[in-house]
Amino acid sequence: MPQYQTWEEFSRAAEKLYLADPMKARVVLKYRHADGNLCIKVTDDLVCLVYKTDQAQDVKKIEKFHSQLMRLMVAKESRSVTMETD
Amino acid sequence: MVLLESEQFLTELTRLFQKCRPSGSVFITLKKYDGRTRSLPKKGSVEGFEPSDNKCLLRATDGKKKISTVVSSKEVNKFQMAYSSLLRANMDGLKKRDKKSKNKKTKTAQ
């Protein structure tokens, strides 16, 4: 269960995992205000990618990534949607 | 598991975040959804089921209370704006990066 230290690597691997099988992959977000940390996990029940953070600057990145994936999921399959990377 | 309309889901999600502020976690799950309402049968053919491609399922829980909603391409724009602001507003308990600002001479308002 690889845990990524850099957001860049995580987002690239996660996007790849989702695109490999969109129906199988899911995104899980866990937020703890009491501890001040956020964890995002992308898995297809075979491979599991995790990124944890306690930095406020990562919230925006994670939230953007979440929204991008949501858009990919509701977009019709025929078009290929290119994701913007910061 | 309570299935809600998108707007109601956002309201309930805000409530979940507020409830978990002193202690506890908020779990949010996002998955592509093809509109099926029954499980896949082991044998026999699936009866006239048309998988739709433009929906996703959003779930949230605090460990006790569960809520969910289905978002389709028609609602995604409006929903996403509200959802993004909700996340950013509620996930504000994280550390601000202040390693660099200590070296710089800029004053930070406190």
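Each chain gets a letter, A, B and so on, in the order its sequence line appears, and its residues count up from 1.
Interface remark: B/Asn90 contributes backbone atoms only to the contact with chain A (heavy atom separation under 4.5 Å). Only the backbone of B/Cys20 comes within less than 4.5 Å of a heavy atom of chain A; no side-chain atom from C-beta onward does. Neither the backbone nor the side chain of B/Leu57 comes within contact range of chain A; no heavy atoms are under 4.5 Å apart. If you measure heavy-atom distances from B/Ser84 to chain A, the contacts under 4.5 Å come from both the backbone and the side chain.
Looking only at distances, a side-chain donor or acceptor of A/Ser11 sits under 3.5 Å from a matching main-chain atom of A/Glu8.
Between the CG atom in B/Leu3 and the CD atom in B/Gln8 there is a gap of 10.0 Å [rounded to 0.5 Å]. Taking CG of B/Leu16 as the start and OH of A/Tyr31 as the end, the distance is 13.5 Å to the nearest 0.5 Å. We find the CD-CZ distance between B/Glu12 and B/Phe17 to be 13.5 Å, quoted to the nearest 0.5 Å.
Within residues 36-52 of chain A, the residues approaching chain B closer than 4.5 Å by heavy atoms are, in numerical order, A/Gly36, A/Asn37, A/Leu38.
Taking every heavy atom of both residues into account, A/His33 and B/Gly93 meet most closely at CE1-CA, 3.7 Å.
By the 4.0 Å N-to-carboxylate-O rule, B/Arg21 lies close enough to B/Asp92 to be salt-bridged with it.
The closest side-chain heavy-atom distance from B/Tyr83 to B/Leu13 is below 4.5 Å.
In terms of heavy-atom pairs under 4.5 angstrom with chain A, the leader among B/Lys55, B/Lys31, B/Gln80 is B/Gln80.
No more than 12 heavy atoms of other residues, nucleotides or ligands lie within 6.0 Å of CD in B/Glu5, so this atom counts as exposed by the packing criterion.
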